[in-house]
Amino acid sequence: MNKPNITVFDAIMGNSKTQRLKQIMLESDKPVLYITPLLTESMSVVGVLHDVDGNQLKSDDGEYLYDENNPLHNKRFKIPNTRNKKYSKLDSLEFMVENGFNISSTHKLFSMLTPQIANKFLLHEYVLVVDESLNCWNNLNIYDLYANKEDKVISENEKSDQKNGGGSRTDKEVLGLIASGFISVDPVGLLHWDTSKEYIPTSGMIHYELKMLCDMKQLYLSNGKVVFWELTADLMRSFCKIYIGTYMFEYSVMSHYMDVHKLEYNIIKFGHSPTFYKPYIDIVQGKMNDVGDGKFALSYSKLEGKTKVKDSTKEVRTTLRKNLDNFFKNRCKTHKDFNLWTTYIDAKPSIMNSRCNVNFVPYNIKATNDYRHCTSVAYLVNNFPNTFLVSMITKRNTKRKFDQDMWALSEMLQMLFRSAVRGDRDKGDDSRHIKLYLPSERMRNLLESWLNGEFE
């Protein structure tokens, strides 16, 4: 097996990790695949000029256009596209790999790469540059993979079922195939399709997609109930070198993935310490936080609710709505364009008002600078990892504990550092000041401990 040389640049957001990654790409004498969570960032980082649909712009002569002020413009990165409607983005990317181009793409497209494409990365000695940690495990949603329009509708309903870690239609489909003997489960939870059976699904069937994923060793069953998709480790091993830019990597799900698959890595830490940011984050104290008292207050199970919402949940949402309005209107007195906030997506309509109908972001947002002007921030989440995912990870690596608090802290910091606190070189450190409404007692205690340097 190929053993890539893996380096992790670990620094708080806004401490020039991306600049280091850009320098790596600039100096590389091998072709590079750069991936980041957002398509817009995948283009802007490498200097690609594009239209509103994300397509690379061309000159009248048919040549791709680049930002001449970007140091990577001479690297002529290519973006996988579907301009030729006969081919998918995967086909486009495969063509680029075959020709040894520098490529910039997203985490999502990377997760879809096939073993055939992985072999071509290895052949051309590609370097992989990863901005922010990858989601190496996800709840399997087979209806999201399948092309049938009716199943795409089912896919949307799957997502809410999977957030709590079980009971989705996909899980039931797979469990039915296990009960029928078509799929077997090995001791660590890996799923195998039994090819000795007479029934062999053909292309165009949901079961065909499941068989393909089983054959690629990408499906795992946790606690006999929940199915997870896994990024194939052979894909990671198809690169000669891998560079990752993130923060608190050792507490990320990706670090557990690396340990499970014995992918060794070296962490280089740099930049400001947490205590540097303490003077710039003004955390709301007092009665507005009463709604978040208790270890599990404002957690997904307490705040979400999609169908029959409990009266207690409705009361909490009403309180958060009033507090959020008070925070933006009286505590901050900022225009709504400078407000940034998050909560669980199904709780959003009950909490949102006219002062926060813009700049709502997912609570797990990463890798965007679009909100760095925002000085008033509200984080209405008490984040816990998927218990079935944690169970699967620890079963496959019994020597290491999954630290749920540090994971939650790292996820929260990613969101908070989308705001002005990340800093603006042109405006100096005084521009970093933000006011923060963080009602969850657990999350607030974690942040305050971090700011006091207790986790260094």
Side-chain angles (χ1 to χ4, degrees), residues 13-14 277-305 313-384 408-423 431-451:
M13 291 62 68
Y277 298 93
K278 187 174 181 178
Y280 304 113
I281 301 179
D282 180 12
I283 305 174
V284 170
Q285 304 293 338
K287 290 185 177 181
M288 285 178 62
N289 291 326
D290 290 350
V291 69
D293 285 350
K295 181 178 179 179
F296 298 103
L298 307 187
S299 62
Y300 178 85
S301 61
K302 300 291 185 181
L303 186 59
E304 178 70 16
T313 300
K314 291 179 181 178
E315 184 178 346
V316 169
R317 290 182 180 182
T318 299
T319 301
L320 285 175
R321 179 184 178 89
K322 293 176 180 178
N323 289 353
L324 188 63
D325 184 58
N326 182 32
F327 172 67
F328 287 139
K329 180 181 179 181
N330 300 316
R331 295 290 187 104
C332 302
K333 299 179 181 179
T334 43
H335 187 276
K336 63 182 180 180
D337 289 343
F338 294 89
N339 300 336
L340 180 67
W341 74 290
T342 190
T343 189
Y344 303 107
I345 191 66
D346 289 324
K348 174 188 172 184
S350 302
I351 299 172
M352 182 177 66
N353 58 41
S354 60
R355 264 176 265 279
C356 53
N357 59 2
V358 297
N359 295 346
F360 173 86
V361 296
Y363 63 88
N364 59 350
I365 190 172
K366 296 178 181 178
T368 177
N369 294 320
D370 292 347
Y371 307 98
R372 65 188 309 164
H373 62 286
C374 294
T375 55
S376 304
V377 184
Y379 188 84
L380 312 183
V381 169
N382 183 10
N383 205 1
F384 289 90
L409 173 63
S410 67
E411 291 286 298
M412 175 173 61
L413 290 172
Q414 285 285 350
M415 184 273 172
L416 299 186
F417 274 79
R418 298 309 109 206
S419 71
V421 74
R422 70 183 293 114
S431 66
R432 294 180 184 272
H433 289 278
I434 66 168
K435 289 186 178 181
L436 173 63
Y437 178 43
L438 182 58
S440 165
E441 180 183 20
R442 170 175 171 261
M443 301 304 295
R444 191 170 59 256
N445 288 341
L446 285 170
L447 180 61
E448 289 173 345
S449 296
W450 181 80
L451 291 170

Can you find a side-chain donor-acceptor pair between Y363 and N383 that sits under 3.5 Å?
-> no
Dump the intermediate steps for side chain to side chain contact (heavy atoms under 4.5 Å, CB included) on V316 and L303, then the final yes or no.
-> CA-CA 7 Å; V316 169; L303 186 59; 3.8 Å; yes
About how many Å separate CZ of R372 and CG of N369, when rounded to the nearest 0.5 Å?
-> 5.0 Å
Is it true that a side-chain atom of S440 and a backbone atom of G292 form a donor plus acceptor pair closer than 3.5 Å?
-> no
Are side-chain heavy atoms of I283 and L451 found at a separation under 4.5 Å?
-> yes
Do the side chains of V361 and D370 get nearer than 4.5 Å, heavy atoms only?
-> no
Does the pair H373 and N359 meet the rule for a side chain to side chain contact (heavy atoms under 4.5 Å, CB included), with working shown?
-> CA-CA 11 Å; H373 62 286; N359 295 346; 4.2 Å; yes
Do W341 and V377 have side-chain heavy atoms sitting under 4.5 Å apart?
-> no
Do the side chain of Q414 and the main chain of K366 share a donor and acceptor less than 3.5 angstrom apart?
-> no
Rounded to the nearest 0.5 Å, what's the gap from CG on D290 to OG1 on T319? Could you check?
-> 10.0 Å
Are the side chains of M288 and F327 in touch, meaning some heavy atoms are under 4.5 Å apart?
-> yes
Just how far is it from atom CE of M352 to atom CG of D325, taken to the nearest 0.5 Å?
-> 12.5 Å
Distance flag, aromatic centroids of Y437 and Y379, threshold under 6.0 Å = no
If you take all heavy atoms of V291 and A297, which pair is closest and at what distance?
-> O-CB, 4.1 Å
Verify ring-ring contact (aromatic ring centres under 6.0 Å, His included) between F384 and Y300, making sure each step is shown before the conclusion.
-> CA-CA 8 Å; F384 289 90; Y300 178 85; over 10 Å; no
Nearest non-hydrogen partners of N339 and C374, listed with the distance = O-SG, 3.9 Å
So do the side chains of V284 and R331 get within less than 4.5 Å of each other, counting heavy atoms only?
-> yes
Nearest heavy atoms of I365 and R418, plus distance in Å = CG2-CG, 3.8 Å
Can a cation-pi geometry be assigned to K336 and F328, taking NZ or CZ under 6.0 Å from the six-membered ring centre and within 45° of the ring axis?
-> no
Value rounded to 0.5 Å, distance of CD1 in I351 from OG1 in T343 | 4.0 Å
Evaluate the side-chain proximity of L447 to M443: yes if any heavy-atom separation is below 4.5 Å, no if none is.
-> no
Counting only heavy atoms not in E315, do more than 12 fall under 6.0 Å of its CD?
-> no
Is the closest side-chain heavy-atom distance between T375 and R432 below 4.5 Å?
-> no
Side chain N445, main chain E441, donor-acceptor under 3.5 Å = yes
Do R321 and N353 pass the side chain to side chain contact (heavy atoms under 4.5 Å, CB included) test, and can you show the C-alpha distance, the side-chain angles, and the key distance before you say yes or no?
-> CA-CA 7 Å; R321 179 184 178 89; N353 58 41; 3.9 Å; yes
N382 side, atom CG; L438 side, atom CG - distance, nearest 0.5 Å = 9.0 Å
Do side-chain atoms of R444 reach the backbone of P439 as a donor and acceptor pair under 3.5 angstrom?
-> yes
With side chains defined as the heavy atoms from C-beta onward, is the minimum distance between L298 and L380 less than 4.5 Å?
-> no
If you round to the nearest 0.5 Å, how far is OH of Y277 from CZ of R422?
-> 9.0 Å
Closest approach of L340 and S419, non-hydrogen atoms and distance?
-> CD2-CB, 4.1 Å
